[in-house]
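Only one structure is covered here, and it is reproduced in the block below.
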Amino acid sequence: MNNPNPNQSKIVNAITGARTIDLWQRHDLQQAKGDWLAEEIPVALVYNGISHVVMMASPKDLELFALGFSLSEGIIESPADIYGMDVIAVCNGLEVQIELSSRRFMGLKERRRSLAGRTGCGVCGVEQLNDIGRPLSPLPFTQTFDLNKLDAALNQMRDYQPVGQLTGCTHAALWLNENGTILDGKEDIGRHVALDKLLGVRARESWNTGAVLVSSRASYEMVQKSAQCGVEILFAVSAATTLAVEVAHHCNLTLVGFSKPGRATVYTHPQRLR
């Protein structure tokens, strides 16, 4: 999107997460032109003064990201376990300082202590292979969804990706109610972070009825994060992995891939779908 017009620039000025740089195109290496790129910065989540994880993310909706991450990773049980939160600039990135309840912080310290001294495996940032696929409580069967209501949400997905529309460089995660209406959507350069942001706003708004729609593939982490937060139905635009299907099967999550207008591939528990 070269040389954005003035009206578009006015819109972009209100968007966090994108900025312009000069670049060259294959057909014209003599003339630099301005184009929009998505920002990617390190974001550290710090619990009660102790740094827990650093993620590469878009610099927007970070309080929702911290809330959703805390829930989807089992660090907290509800938003009430967080007493306060601040986002501050540090070094070349941002830090989200989170004040946990004493009980949840003690649990987090015990979890970290159990991993201390073990060799890191480097698998998606998990410190120990045994931490992959942590046990999940089986989900109930309380939700249903009419697949005929999915197409409208798919067609509106880009409306919730303002940075993505400029840069082609973000994923989206949407919460759909039982009628297929989009209640909210969040975007990020990382699919896991976009999902955590959505899970954060879902918890804050106490939305329980509905389903998640993500613009990415369905990896096991996406299934595990959703199930940890009580999501019963997960739609993904792309394919699922074998481990994602196994986790979804065992925790009773309905997993649907290749979600396109007029198309859907159901991997697990189709009884929730109409």
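Throughout, residue positions are numbered sequentially from 1 according to the sequence presented. Heavy atoms only: backbone and side chains are in, while hydrogens, waters and symmetry mates are out. Bear in mind the structure is a predicted one, so any value in this text is a computation, not a measurement.
- Note that the CG atom of Asp61 and the OG1 atom of Thr16 stand 8.5 Å from one another [nearest 0.5 Å].
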Would Lys197 and Glu187 count as a salt bridge (Lys or Arg N to Asp or Glu O under 4.0 Å) here? Give the steps. CA-CA 8 Å; Lys197 289 177 178 179; Glu187 69 173 336; over 6 Å; no

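- Under the 4.5 Å side-chain heavy-atom criterion for ILVMFWY residues, no single connected hydrophobic cluster contains both Ile189 and Leu37.
- Considering CD of Gln228 and OG of Ser137, their distance stands at 8.0 Å, rounded to 0.5 Å.
- For the pair Leu213 and Met157, the minimum side-chain heavy-atom distance is below 4.5 Å.
- Looking at Arg104, its side chain never comes within 3.5 Å of a backbone N or O of Ile82 through a donor-acceptor pair.
- Looking at Glu99 and Gln97, their side chains never bring a donor and an acceptor atom within 3.5 Å of each other.
- The shortest non-hydrogen separation linking Leu195 to Ser226 is CD2-OG, 3.8 Å.
- Put simply, the side chain of Val96 reaches to within 4.5 Å of the side chain of Val43, judged on heavy atoms.
- Put simply, the side chain of Tyr267 reaches to within 4.5 Å of the side chain of Val245, judged on heavy atoms.
- Side-chain atoms of Tyr47 and Ser70, non-hydrogen and from C-beta on, do get closer than 4.5 Å to each other.
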Is there a side-chain hydrogen bond (donor to acceptor under 3.5 Å, both in side chains) between Ser58 and Glu40 once you walk through the steps? CA-CA 5 Å; Ser58 302; Glu40 180 180 23; over 6 Å; no

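- Smallest separation of non-hydrogen atoms from Ala38 and Val163: CB-CG1, 3.9 Å.
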Please report the C-alpha distance between His192 and Ser216 in whole Å, then the side-chain angles of each, then the deciding distance to 0.1 Å, and finally whether the side-chain contact (heavy atoms from CB on, under 4.5 Å) criterion is met. CA-CA 9 Å; His192 305 106; Ser216 65; over 6 Å; no

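- With hydrogens and angles disregarded, a donor-acceptor distance shorter than 3.5 Å links the side chain of Gln143 to the backbone of Gly210.
- His171 and Ser215 share a donor-acceptor pair across their side chains, judged by distance under 3.5 Å alone.
- Looking only at side-chain heavy atoms (C-beta outward), Lys60 and Pro162 come within less than 4.5 Å of each other.
- The CG atom of Leu154 lies 12.0 Å from the CZ atom of Arg263; values are rounded to the nearest 0.5 Å.
- Considering CG of Leu174 and CD1 of Ile182, their distance stands at 5.0 Å, rounded to 0.5 Å.
- The closest side-chain donor-acceptor pair between Thr241 and Arg217, if any, does not fall under 3.5 angstrom.
- Arg103 is listed as a side-chain neighbour of Asp81, based on a closest heavy-atom distance under 4.5 Å.
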Could you give me the CA-CA distance, side-chain angles and deciding distance for Asn48 and Lys109, then say whether side-chain contact (heavy atoms from CB on, under 4.5 Å) is met? CA-CA 10 Å; Asn48 291 20; Lys109 288 201 298 184; over 6 Å; no

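- Val212 and Val201 fall within the same hydrophobic cluster, where Ile, Leu, Val, Met, Phe, Trp and Tyr residues are linked whenever their side-chain heavy atoms come under 4.5 Å apart, directly or through other members.
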Determine whether Tyr220 and Thr242 satisfy the following criterion, side-chain hydrogen bond (donor to acceptor under 3.5 Å, both in side chains), listing intermediate values before the conclusion. CA-CA 8 Å; Tyr220 96 90; Thr242 56; over 6 Å; no

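- What you find for Trp24 and Leu29 is that their closest heavy atoms are CD1-O, 3.3 Å.
- In this structure, Arg202 forms no cation-pi arrangement with Trp207, as its terminal cationic atom is not both closer than 6.0 Å to the ring centre and no more than 45° off the ring axis.
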Run the side-chain contact (heavy atoms from CB on, under 4.5 Å) check on Leu67 and Ile76 step by step: do they pass? CA-CA 9 Å; Leu67 174 58; Ile76 63 174; 3.9 Å; yes

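- For the ring pair (Phe, Tyr, Trp, His ring centres under 6.0 Å) condition, no pair includes a residue of residues 85-109, sequence neighbours left out.
- Counting only heavy atoms from C-beta outward, the side chains of Leu273 and Thr144 never approach each other to under 4.5 Å.
- For Thr268 against Ala248, the heavy-atom pair with the smallest separation is OG1-CB, 3.7 Å.
- Without hydrogens or angle criteria, Asn155 side chain to Ala152 main chain gives no donor-acceptor distance under 3.5 Å.
- In this structure, the side chain of Asn177 engages the main chain of Gly180 through a donor-acceptor pair within 3.5 Å.
- Remark: the backbone N or O of Ala211 is not paired with any side-chain donor or acceptor of Glu232 at under 3.5 angstrom.
- A salt bridge does not link Asp188 to Lys186: none of the charged side-chain nitrogens sits closer than 4.0 Å to a carboxylate oxygen.
- The CG atom of Asp35 lies 9.0 Å from the OG1 atom of Thr20; values are rounded to the nearest 0.5 Å.
- A salt bridge links Asp196 and Lys225; the closest N-O separation between the charged side-chain nitrogens and carboxylate oxygens is under 4.0 Å.
- Between Leu150 and Phe235, some side-chain heavy-atom pair lies under the 4.5 Å cut-off.
- Remark: Ile233 CD1 to Phe141 CZ distance equals 10.0 Å, nearest 0.5 Å.
- Under the 4.0 Å criterion applied to side-chain N and carboxylate O atoms, Arg204 and Glu63 are not assigned as salt-bridge partners.
- No continuous path of hydrophobic side-chain contacts links Met222 to Phe145 [ILVMFWY only; heavy atoms under 4.5 Å].
- Scanning all heavy atoms of the two residues, the minimum distance from Pro42 to Val54 falls at CB-CG1, 3.9 Å.
- In the displayed structure, Asp28 atom CG is contacted under 6.0 Å by more than 12 heavy atoms of other residues, nucleotides or ligands.
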Which atom pairs, donor and acceptor, lie under 3.5 Å between side-chain atoms of residues 250-261 and protein residues at least two apart or in another chain?
residue : atom : partner : partner atom : Å
Asn252  : ND2  : Leu139  : O            : 3.2
Thr254  : OG1  : His269  : O            : 2.7
Thr254  : OG1  : Arg272  : NH1          : 2.8
Ser259  : OG   : Ala236  : O            : 3.0

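- Salt bridge status for Glu178 with Lys149: absent, with no side-chain N to carboxylate O gap under 4.0 Å.
- Leu100 and Ile50 end up in the same hydrophobic cluster when Ile, Leu, Val, Met, Phe, Trp and Tyr side chains are linked at under 4.5 Å.
- When all heavy atoms are compared, the tightest approach of Pro59 to Glu39 is CG-OE1, 3.8 Å.
- Cluster membership check: Ile41 shares its hydrophobic cluster with Phe65, using side-chain heavy-atom separations under 4.5 Å among Ile, Leu, Val, Met, Phe, Trp and Tyr.
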